[in-house]
Structures are given as structure tokens and as C-alpha cells.
*Asks:* 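Got a structure for you, questions after.
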There are 2 protein chains.
Amino acid sequence: MKRNTWQREAVRDALTESEGFVSAQALHTALRDAGSAIGLATVYRALADLAGTGDADSLQQDGESLFRACTPDSHHHHLICRNCGTTVEIKADAVEEWAKNVAAEHGFTEPHHIVDVFGLCPACSST
Amino acid sequence: MKRNTWQREAVRDALTESEGFVSAQALHTALRDAGSAIGLATVYRALADLAGTGDADSLQQDGESLFRACTPDSHHHHLICRNCGTTVEIKADAVEEWAKNVAAEHGFTEPHHIVDVFGLCPACSST
DNA sequence: ACTCTATTGATAACGAATCTCATTACCGCT
DNA sequence: AGCGGTAATGAGATTCGTTATCAATAGAGT
């Protein structure tokens, strides 16, 4: 049975409050700085849960996993500022179709895809 | 000045011979098993060089970097079997355009993008 | 309240990747 | 062909993100 703990809520809230993608370690540090006594392992576990249930999206950059609270039950991609992490959710049905077709054309089944666009957001571009 | 060593050649050859994406460690093990006395650090260095010059593409999966010899000077994406690693190179100008436009629409500059499709290749699908 | 057990958290363990630095060997030069 | 400087190598140590361990804690149904 799954239990509700204040730790899980804290991680969920912290994720929701952050602008873009954040690392597990950064989240943990932020929570500790905010006075919480949450453990690092718990942050990792909570994030894995959120990613598993679809309440958070994750991506890998420089060998570390970054997470972000996302609108659930809605497949989308991300436009991410590689400087400050600010993220915009992107809907791209055309890309979904394309990925599916490409896989089918080569006889590949169970297609998944990773599609992310990185760049510098307007704020970071102007500096 | 850059020197040519048999180690670099060995890594390049081993990469070229492998069907799909391979990890640095797997390549190192393969080379050692083949009788080569190459060091792990050297494999990492050679792969980084190849990726830097555009002779190899890389992607991150499960927190480790995978590499593959690729046709140089040709931007493309990959269709990868998540079971055996077999890879097909994909040209997708439509996706390039889409990524560029999406970035521009939101005022993002210097757009890069990561687009990879995973699935099970015909051989792995049938088992 | 009481029990049962999922969850927590400090720390150890793990693994990929990088760094260190003494040794090696590539390559331009004579 | 021989020499010299110097980029490259490699074994091991180190860093860093993530996961496993396990005793202690605290949800939740009764």
C-alpha cells in the first residue's frame, strides 16, 4: 500500500515551484535550505515515483538526471534554456507521427522517442 | 600538434565495426578481449575526440554515454533498438525545420536539438 | 491506542567518467 | 637513421551522481 508522507508532498511542491528542469541534488539542497530535514535518498525516491506516474518528466544532461513537474496525461516535448533551465512545454503532433512512421518503415516495434530542443531563452540571449 | 597512435586507430576501427551504439567500457572490454593492451582512459579520450570532430555521434542512456561511428558532415538522427543496439541513421529535414521554428517562436537562440527514436528492431521484435 | 509494514534517512557501496603524473613513443628535424 | 621535445598513454586514485543497506520511524486500517 502506498502511504502519503510529508516528504513526498514537499518534493512535489518544490518541483512545481521551480521554473525549469532541476537536478535531484539541487532540489535536495533547496529543501534543506528551506528548513526541511528531508534526506537525499528520499528525494531520489520521490522523483522516481513522480516520473513513474507521469507527474514529472525527466531528461539527462551531462550525465545527470533533471526533473520537472509536467502537465500529466499529455505527451509533450520541451524547449529548454541551457543556461538558466527555463522550460517551455511544446506540443508537436507532427513529430509524434513522424517518429511512429519512421519506426514502422524500418520494422521497429514499440517506438518511444526522445525529442528535446535546447537553446538560450530571450533573457539569457541578451546578456 | 595532434599525433596518430595505433590506439586511436584501434578505437576508430572498433567503433566502425560495431553495429550500433556502444559504451566506452564495452568498447574497452572488446579491445582487451581482442588482445589489445589499450587503457580505459585512452578509450574515453579517443571517443571524446571522435565525437568532437564529428566522426562519431553520442547519446546518453541510463546515465552512461553511448557512441557510434557516423557518416561525417551529415546531420541525422537515429532509430535505435533498445535491446541489441542496432541503429539506423535517419534523415529528417522536416524535424530540423520544426526545431528551428519552435525555438524562434519562443525567442530562443542558438537552437540545438536531441531527437532519437527507440524501439525493437525486427529481429528483437520476433523473439 | 495498537499493530503492521511502508517509508525514511545516514551512510556505505557502486559505477561511470575524469584527473594525475611518471613513462612511452610519435614525428619533425637534422 | 638518430635525436629531442612533447603529445599521448595507462594504472590507479579521485570525483560525483545514484542506488542499496538496514535499523528506526511513522502512516493507516482495526
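Order of the sequence lines fixes the chain letters, A, B, ..., with proteins taken first and strands second; residue numbering starts at 1 for each chain.
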*Asks:* From D/dA28, C/dA16, D/dT9, pick the nucleotide closest to the side chain of A/Met1?
*Replies:*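 Closest of the options to the side chain of A/Met1: D/dA28.
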*Asks:* Determine yes or no for a side-chain-to-main-chain donor-acceptor pair under 3.5 angstrom, with B/Ser58 supplying the side chain and B/Phe67 the backbone.
*Replies:*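 It does not hold such a pair.
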*Asks:* Can you classify the ring geometry of B/His78 versus B/Phe21 as parallel (below 30°), tilted (30 to 60°) or perpendicular (above 60°)?
*Replies:*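 Taking B/Phe21 first and then B/His78, their aromatic rings stand perpendicular (interplane angle over 60°).
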*Asks:* Indicate, with a heavy-atom threshold strictly under 4.0 Å, whether B/Ile38 touches base, sugar-phosphate, or nothing.
*Replies:*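 The residue B/Ile38 makes sugar-phosphate contact but no base contact.
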*Asks:* Distance alone, cut at 3.5 Å: any donor-acceptor contact between the side chains of B/His113 and B/His75?
*Replies:*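 Side-chain D/A pair, B/His113 to B/His75: present.
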*Asks:* Would you say D/dG17 has OP1 or OP2 under 4.0 Å from some side-chain N or O of A/Gln60?
*Replies:*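 Answer no for this pair, as no side-chain N or O of A/Gln60 is under 4.0 Å from OP1 or OP2.
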*Asks:* Is the phosphate of C/dA17 approached by B/Tyr44 (side-chain N or O, under 4.0 Å from OP1 or OP2)?
*Replies:*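 Answer yes for this pair, as a side-chain N or O of B/Tyr44 is under 4.0 Å from OP1 or OP2.
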*Asks:* Can you find a side-chain donor-acceptor pair between B/Glu96 and B/His76 that sits under 3.5 Å?
*Replies:*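 No, because no side-chain N or O of B/Glu96 sits under 3.5 Å from a partner of the opposite role on B/His76.
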*Asks:* For C/dT7, does the base pair up with any side-chain atom of A/Arg8 as donor and acceptor (N or O, under 3.5 Å, distance only)?
*Replies:*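 No, the side chain and the base share no sub-3.5 Å donor-acceptor pair.
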*Asks:* Would you say the side chain of A/Arg45 and the base of C/dG9 hold a donor-acceptor pair, judged only by whether the two atoms sit under 3.5 Å apart?
*Replies:*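 Yes, a donor-acceptor pair under 3.5 Å.
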*Asks:* Go nucleotide by nucleotide along DNA chain C from the 5' end; which of B/Phe67 and A/Lys2 gets its closest nucleotide reached first?
*Replies:*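 Here A/Lys2 is the residue nearer the 5' end.
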*Asks:* Can you see if the side chain of B/Ser23 gets near the phosphate of C/dA16 - specifically, an N or O under 4.0 Å from OP1 or OP2?
*Replies:*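 Looking at the OP1 and OP2 atoms of C/dA16, neither is under 4.0 Å from any side-chain N or O of B/Ser23.
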*Asks:* Closest approach to the side chain of B/Arg3, judged atom by atom: which nucleotide of D/dA8, C/dA17, D/dT18 is it?
*Replies:*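 The answer is D/dA8, which lies nearest to the side chain.
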*Asks:* Using a cut-off of less than 4.0 Å, is there contact between a side-chain N or O of B/Thr5 and OP1 or OP2 of D/dA8?
*Replies:*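 Looking at the OP1 and OP2 atoms of D/dA8, neither is under 4.0 Å from any side-chain N or O of B/Thr5.
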